[in-house]
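Okay, so here's the structure we're looking at.
All heavy atoms count here, side chains included; hydrogens, waters and symmetry mates do not. Since the model is a prediction, treat every value here as computed from it, not as a measurement. Per chain, numbering begins at 1; letters A, B, ... match sequence-line order.
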Amino acid sequence: MTIRLYDSAARQVRDFCPLVPGKVGMYVCGLTVQSEPHVGHVRSGVNFDVLRRWFEASGYQVDFIRNITDIDDKILTKSADQSRHWYNLAYDMSIQLDKAYDALNVAPPTYEPAATGHIPEMIEMITDLIDRGHAYPAPDDTGDVYFDVLSWAGYGELTGQRVDDMEPAGDADPRGKRDPRDFALWKGRKDSEPQTASWPSPWGPGRPGWHIECSAMALKYLGSAFDIHGGGVDLRFPHHENEQAQSRAAGHDFANYWMHNAWITTAGEKMSKSLGNTLSIPSVLTRVRGIELRFYLVAAHYRSHVEFSFEALDEAAAGFQRIEHFLTRARDVLGEIALADLEKLPEDFRAAMDDDLGTPAAVAVIYDEVREGNKALADNAEDVAERAARVRAMLAVLGLDPLDPHWAESGNGTADKLTAALDVLLTQLLEQRAQARAAKDFAAADAIRDQIKSAGIEIVDTPTGSQWNVI
RNA sequence: GGUGGGUUGGCCGAGAGGCGAGGCAACGGACUGCAAAUCCGUAUACACGGGUUCAAAUCCCGUACCCACCUCCA
């Protein structure tokens with residue numbers, strides 16, 4: 001069975017053929033840590049986490065590099081506005097980002113390199129580009145170094161654009177450029193910028209341009225050629241176009257496949273422009289749990305534009321709870337639920353995932369299994385066990401297994417203790433209600449049920465007795 | 001101006017020539033003391049106009065509207 005992926009460079013779905021059999025090297029552009037992470041930011045994290053998990057489930061050994069860019073124009077501007085050190089802002093935001101990823105069960109990558117830790121590697125690559133005639137230091141005294149776009153015939157091929165149709169790059173003062181579309185590899189330090197934001201280089205003190213860090217870090221950790229490069233669609237141009245141009249101009253094959261996830265918008269606007277912090281991860285998590293937000297993101301195809309709404313988010317949460325309830329009831333019957341072997345994943349599920357990560361169809365398979373499992377709950381424990389194990393395994397591939405300890409609310413066992421304490425109290429109440437029902441004192445029975453419900457706990461009556469769930 | 005994507009039922013969201021993905025909500029039924037949960041069933045779709053075809057939501061042509069990128073962006 002072959003995994004097929006949409007390669008945005010080829011603009012079509014291609015069979016995935018790894019450069020080294022059994023191994024995958026993937027590089028994903030993480031964030032520029034300049035503001036609090038919101039729902040849009042983490043979509044990319046979740047989507048590529050699912051891809052990574054599917055590769056691993058399919059038997060690949062994955063080397064997954066996801067960088068953070070911790071120095072750039074915006075970090076300097078914003079930190080100055082907030083009267084704080086730029087590195088404090090970047091560090092603070094990277095901590096927030098880690099928390100957001102953790103809240104959504106986005107597994108840490110193999111390594112998360114930061115741009116500022118790789119200045120020598122970047123300088124080396126820039127030097128190489130100058131030696132090869134594809135870059136030049138600005139002739140003025142700015143200390144800038146530019147990539148020479150016209151010297152590289154392949155420029156524009158990733159995004160299917162002709163250089164003549166492009167607008168000039170605005171990332172630096174254009175006076176030193178040979179061509180207005182040339183982009184900065186190195187930015188000479190300006191007097192207005194903090195000393196701490198500059199590094200020595202053959203061209204004087206300065207800092208890296210925006211794109212070079214990814215080329216340098218991908219080269220260092222994944223080698224001259226690697227399998228997959230990913231990121232949000234907005235990065236296709238200029239970021240990825242420029243990365244590919246500079247890496248190939250420096251003699252590297254670079255990425256074999258390019259994958260881009262689509263946007264999440266609100267009210268038709270992309271999130272980076274709108275709504276401030278109302279859609280920050282901590283804020284959204286006051287409304288739904290992390291696992292529900294992740295389900296919302298996974299239930300849509302990664303290349304589909306998602307129009308975010310709280311109504312749709314609530315719907316997704318309700319839908320996910322149906323899956324969870326099946327597992328809860330199955331566990332009550334079975335004691336515990338095994339995790340099915342990956343070879344036993346339903347064929348439809350595998351086929352959906354192999355087809356360019358068809359998570360919507362994969363989720364539909366989970367619902368089919370849940371429906372059949374719910375039926376079996378009445379009289380066929382063996383069937384329940386098999387189906388529940390498959391549901392868990394499918395959810396685990398999507399990072400959505402509710403029984404994964406990652407989702408436990410606290411790491412110190414408090415949640416378990418509280419659950420045990422509640423169970424003691426509720427068992428007594430349920431016993432009282434059972435006696436009332438047996439005596440046909442339904443008013444008393446319903447009063448107990450209402451009281452429990454007002455505490456946010458629902459009662460599920462089954463032929464073998466009553467159970468409780470926190471709603 | 002250049003490049004790419006989209007418009008599917010009350011809502012979300014798949015699919016890509018023939019059998020109505022799935023979910024949420026709604027309605028009817030089963031179960032229940034009544035509910036809840038669960039199961040069974042029901043209805044409501046492919047932006048518009050042409051064309052190709054035995055057959056089009058799907059392919060082609062045209063139109064409308066929306067969105068993204070064109071050097072800040074996940």
Side-chain angles (χ1 to χ4, degrees), chain A residues 8 11 28-32 34-35 37-48 72-75 77 149 156 159-162 164-172 180-184 209-211 230-239 241-242 260-265 268-273 295-296 299-301 303-307 309 311-320 322-323 325-326 328-329 348 352 358-368 370-375 377-378 437 440-442 445-446 449-450 453 458-463 466-467 469 471:
Chain A
S8 32
R11 290 173 200 81
V28 171
C29 288
L31 297 194
T32 298
Q34 42 116 354
S35 60
H38 56 58
V39 176
H41 291 133
V42 296
R43 180 181 193 185
S44 164
V46 169
N47 287 158
F48 286 103
D72 89 321
D73 293 351
K74 238 183 177 174
I75 291 173
T77 319
V149 165
T159 49
Q161 302 185 91
R162 298 183 316 138
D164 290 345
D165 293 332
M166 291 177 190
E167 294 178 3
D171 63 345
R181 289 154 299 204
D182 290 352
F183 58 90
W210 175 31
H211 320 290
V233 272
D234 57 307
L235 295 177
R236 291 177 71 229
F237 194 91
H239 187 54
E241 187 74 69
N242 291 357
H260 292 99
N261 64 277
W263 287 99
I264 295 184
T265 60
E269 268 192 289
K270 52 187 192 176
M271 287 194 178
S272 53
K273 280 182 182 165
F295 179 76
Y296 175 63
H301 188 85
R303 284 193 288 122
S304 290
H305 162 229
V306 168
E307 172 70 21
S309 75
E311 291 72 22
L313 181 63
D314 290 343
E315 256 185 31
F320 186 71
R322 197 155 89 80
I323 299 171
H325 285 165
F326 165 63
T328 306
R329 294 199 296 155
D348 289 350
T359 52
V363 167
V365 176
I366 293 176
Y367 276 111
D368 289 342
V370 165
R371 192 182 322 105
E372 294 304 315
N374 274 326
K375 275 191 240 180
L377 226 28
R437 289 175 77 199
K440 302 228 186 284
D441 182 358
F442 297 122
D446 290 351
R449 184 171 65 197
D450 291 346
K453 184 161 190 185
E458 70 172 2
I459 291 177
V460 179
D461 291 332
T462 74
S466 301
Q467 291 149 7
N469 292 310
I471 299 173

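- No hydrogens or angles were tested; on distance alone, nothing pairs the side chain of A:Arg329 with the base of B:A37 as donor and acceptor under 3.5 Å.
- A stacked arrangement is assigned to A:Phe442 and the six-membered base ring of B:G33, with a centre-to-centre distance below 5.5 Å and an interplanar angle below 30°.
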Quick one: which protein N/O atoms are closer than 3.5 Å to N/O atoms of nucleotides 14-16 of chain B? Pair and distance per line, please.
from: B:A14; atom 1: OP1; to: A:His301; atom 2: N; distance (Å): 2.8
from: B:A14; atom 1: OP1; to: A:Ser304; atom 2: OG; distance (Å): 3.0

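- When the C1' atom is compared between B:G9 and B:A30, the two are found 27 Å apart, to the nearest whole Å.
- When the C1' atom is compared between B:G23 and B:A14, the two are found 11 Å apart, to the nearest whole Å.
- Comparing B:U58 with B:G51, their P atoms sit 14 Å apart, to the nearest whole Å.
- Using the Watson-Crick or G-U wobble rule with both distances under 3.5 Å, B:C11 pairs with B:G23.
- Side-chain atoms of A:Arg181 stay outside donor-acceptor range of the base of B:C70, with no qualifying N/O pair under 3.5 Å.
- Separation of the P atoms belonging to B:A43 and B:G20 is 11 Å when rounded to the nearest angstrom.
- A:Thr32 and A:Gln34 are not linked by any side-chain donor-acceptor pair at a separation below 3.5 angstrom, with hydrogens and angles left out of the test.
- For A:Lys74 and B:C72, a side-chain-to-base donor-acceptor distance below 3.5 Å is present, hydrogens and geometry of angles not being considered.
- Counting heavy atoms from C-beta outward, A:Ser466 and A:Arg437 have side chains that approach closer than 4.5 Å.
- Not a single donor-acceptor contact under 3.5 angstrom links the side-chain atoms of A:Asp368 to the base of B:A21.
- By the 4.0 Å N-to-carboxylate-O rule, A:Asp450 lies too far from A:Lys453 to be salt-bridged with it.
- B:C34 makes up no base pair with any nucleotide shown, lacking Watson-Crick or G-U wobble contacts both under 3.5 Å.
- Between B:G13 and B:C24, the distance separating the two C1' atoms is 10 Å to the nearest Å.
- Judged by distance alone with a 3.5 Å cut-off, a donor-acceptor contact links the side chain of A:Arg437 to the base of B:G33.
- The closest side-chain heavy-atom distance from A:Val306 to A:Arg43 is below 4.5 Å.
- Remark: the separation of the C1' atoms in B:A56 and B:G22 is 23 Å, to the nearest Å.
- Between A:Pro238 and A:Thr159, the residue anchored closer to the 5' end of RNA chain B is A:Thr159, taking for each the nucleotide with the nearest heavy atom.
- The separation of B:G49 from B:U8, taken at their P atoms, amounts to 16 Å, rounded to a whole angstrom.
- Taking the nucleotide of RNA chain B with the nearest heavy atom to each of A:Ala318 and A:Gln161, the more 5' of the two is matched to A:Gln161.
- Counting heavy atoms from C-beta outward, A:Leu235 and A:His211 have side chains that stay 4.5 Å or more apart.
- When the P atom is compared between B:A57 and B:U7, the two are found 15 Å apart, to the nearest whole Å.
- Ring pair A:Phe295/A:Tyr367 is perpendicular by interplanar angle, where above 60° counts as perpendicular and below 30° as parallel.
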